Amino acid sequence: MKTAINAKQIRDFLAPLRSQRIAFVPTMGCLHAGHVSLIRKAKASADIVVVSIYVNPLQFGINEDFSEYPRTFEKDAGICRNEAVDFIFQPENLYPDGGSNITLKVNAMDHMLCGGARPGHFDGVVTVVNMLLNIIQPNIAIFGEKDWQQLAIIKRMVSDLHMPVEIIGSEIIREANGLAMSSRNRYLSPTELKQALTLSLALQLSQGLAQQGLGNDNILEQARQCLNAQHITTEYLEILDENSLQPSHQSQHQRLFIAAKIGQTRLIDNISLQQSGEKT
Ligand code: AMP
């Protein structure tokens, strides 16, 4: 495994390997089993795997946790080595002169969910993902369904901008108790960890209710009651069509999305409300 710390280095490493299939897994580090699942999917579908570790300043708001975001490079490198990753790309700074002179702007699918609460967040995400894809030029790139809106927007970017890469989504990896794995879970105190569990419990409850044929309003009401009982106030709790991210009561592809602050930590999660027989 080799580590590159700038664009030229990783391009030089990859130059003689271009005839092979290259898979790319972008991350912000502090790797956990969720990231490992993406790496394994990448390994299974390509010859060469590149993992990037970059805490992207452009996707953090002014009062968000950019400076506190955990940076655990040695441990991350150990995980990558165990997973037989070929290259880590860990740039110090991706933006020329430390600034971002040219950025991309998302004009669809970003007004709702996380986009509503974090203005400019997805502009920062697509700008950096675009740069990373231009640098690595992989055949495929793997993103987690945990960040469903991000995955949907990146798929749209690649399609709208005719980028020659296939974007692959990968299922959410959870702790044994159901909590979606996240680098931010380490911010939670033991009491907050217990409270955070209610997010996935509310999602599972909702999925069960959807499978019994309950309507969206009832599902949302019961999910809210479950969350209220643990004093959780949501930033959003919404059922949307999982492709368009628009409200749709008829959709067969509905998904419940949740964001909530547990203490100072903002967590997100989502679940399909499709009946298992309906999955396509
Ligand atoms: P991050 O390092 O949090 O920016 O995440 C890097 C990639 O890992 C993104 O594509 C995330 O969606 C994905 N990811 C993070 N947590 C999980 C999880 N629990 N299950 C699956 N993918 C995840």
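Counting from 1, the numbers follow the sequence of the chain as shown. Here the structure is a predicted model, which is why all the values come from computation and not from measurement. Each ligand, and each atom within it, is numbered from 1 in the order the structure gives.
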J.: With nothing but distance in play, are any N or O atoms of Ser37 less than 3.5 Å from an N or O of ligand 1?
T.: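 Not met; the criterion fails.
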J.: Tell me whether ligand 1 is touched by Glu171 - counting only heavy atoms on the residue side and a distance under 4.0 Å.
T.: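 For ligand 1, residue contact (heavy atoms, under 4.0 Å) with Glu171 is present.
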J.: Tell me whether the count of non-hydrogen atoms from other residues, nucleotides or ligands lying under 6.0 Å of CD in Glu68 goes above 12.
T.: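 Buried by this count: over 12 neighbours within 6.0 Å.
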J.: Can you list the atoms of ligand 1 that are under 4.0 Å from a heavy atom of Ile172?
T.: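 With Ile172 as reference, the close atoms of ligand 1 come out as 20 (N), 21 (C).
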J.: Could you find the nearest protein heavy atom to atom 13 (C) of ligand 1 and give me its residue, atom name and distance?
T.: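 Minimum-distance protein heavy atom for atom 13 (C) of ligand 1 reads Leu38 CD1, 3.7 Å.
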J.: Inspect the contact between Arg40 and Glu83 and indicate whether a charged nitrogen and a carboxylate oxygen are less than 4.0 angstrom apart.
T.: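 Here Glu83 pairs with Arg40 in a salt bridge, since their nearest N and O are under 4.0 Å apart.
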J.: Whether Arg174 and Asp269 form a salt bridge (side-chain N of Lys/Arg under 4.0 Å from carboxylate O of Asp/Glu) is what I want to check.
T.: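 Between Arg174 and Asp269 there is a salt bridge, with a charged N closer than 4.0 Å to a carboxylate O.
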J.: Under a 3.5 Å threshold, yes or no: a donor from one side chain and an acceptor from the other, between Asn56 and Tyr95?
T.: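 Indeed, the side chains of Asn56 and Tyr95 share at least one donor-acceptor pair under 3.5 Å.
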J.: Suppose we measure from atom 23 (C) of ligand 1 to each protein heavy atom; which comes out shortest, and what is that distance?
T.: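 Nearest protein contact, heavy atoms only, for atom 23 (C) of ligand 1 is Lys146 CB, 4.0 Å.
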J.: Nearest protein heavy atom to atom 4 (O) of ligand 1, by residue and atom, and its distance?
T.: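 Result: Met28 CG, 3.5 Å.
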J.: If you count the non-hydrogen atoms of other residues, nucleotides and ligands that lie under 6.0 Å from CD in Gln264, is the total more than 12?
T.: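 No, because the 6.0 Å sphere around CD of Gln264 holds 12 heavy atoms or fewer from other groups.
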J.: Give the residue, atom name and distance (to 0.1 Å) of the protein heavy atom nearest atom 22 (N) of ligand 1.
T.: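 Checked against all protein heavy atoms, atom 22 (N) of ligand 1 sits closest to Gly144 CA, 3.6 Å.
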J.: Under the rule for side-chain hydrogen bond (donor to acceptor under 3.5 Å, both in side chains), what residues qualify as partners of Gln204, not counting sequence neighbours?
T.: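 By the side-chain hydrogen bond (donor to acceptor under 3.5 Å, both in side chains) rule, Gln204 matches no residue at all.
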J.: In the protein, which heavy atom is nearest to atom 5 (O) of ligand 1, and how far is it?
T.: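 Nearest neighbour among protein heavy atoms for atom 5 (O) of ligand 1, to 0.1 Å: His35 NE2, 3.4 Å.
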J.: Geometry only, no angles: is Ile142 polar-contacting ligand 1 at N/O separations under 3.5 Å?
T.: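 There is no such contact.
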J.: Within the 3.5 Å criterion, strictly below it, is a donor on Glu221 or Gln225 matched to an acceptor on the partner's side chain?
T.: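 The criterion, which ignores hydrogens and geometry beyond distance, is satisfied for Gln225 and Glu221.
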J.: At a 4.0 Å threshold, what atoms of ligand 1 neighbour a non-hydrogen atom of Met181?
T.: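 What qualifies from ligand 1 is 16 (N), 17 (C), 18 (C), 19 (N).
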J.: Give me the residue, atom name and distance of the protein heavy atom closest to atom 11 (C) of ligand 1.
T.: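 Checked against all protein heavy atoms, atom 11 (C) of ligand 1 sits closest to Asp147 OD2, 3.0 Å.
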J.: Does at least one non-hydrogen atom of Cys30 fall below 4.0 angstrom from an atom of ligand 1?
T.: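 No, Cys30 has no heavy atom closer than 4.0 Å to ligand 1.
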J.: Starting from atom 6 (C) of ligand 1, locate the nearest protein heavy atom and write down its residue, its atom name and how far away it is, to 0.1 Å.
T.: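 Among all protein heavy atoms, the one nearest atom 6 (C) of ligand 1 is Pro26 O, 3.4 Å.
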J.: Any heavy atom of His32 closer to ligand 1 than 4.0 angstrom?
T.: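 Yes, His32 has heavy atoms under 4.0 Å from ligand 1.
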J.: Within 45° of the six-membered ring axis of Phe66 and under 6.0 Å from that ring's centre, is NZ or CZ of Arg71 located there?
T.: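 Satisfied, under 6.0 Å and within 45°.
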J.: Should we say atom CZ of Arg156 is surrounded by more than 12 heavy atoms from elsewhere, each under 6.0 Å from it?
T.: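 Not more than 12 within 6.0 Å, no.
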J.: Answer with yes or no whether the side chains of Arg255 and Asn270 bring together a donor and an acceptor at under 3.5 Å.
T.: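 Looking only at side-chain atoms, Arg255 and Asn270 do form a donor-acceptor pair, the distance falling under 3.5 Å.
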J.: Does Ile173 reach ligand 1 with a nitrogen or oxygen that is under 3.5 Å from one of the ligand's nitrogen or oxygen atoms?
T.: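 N/O-N/O distance under 3.5 Å: yes.
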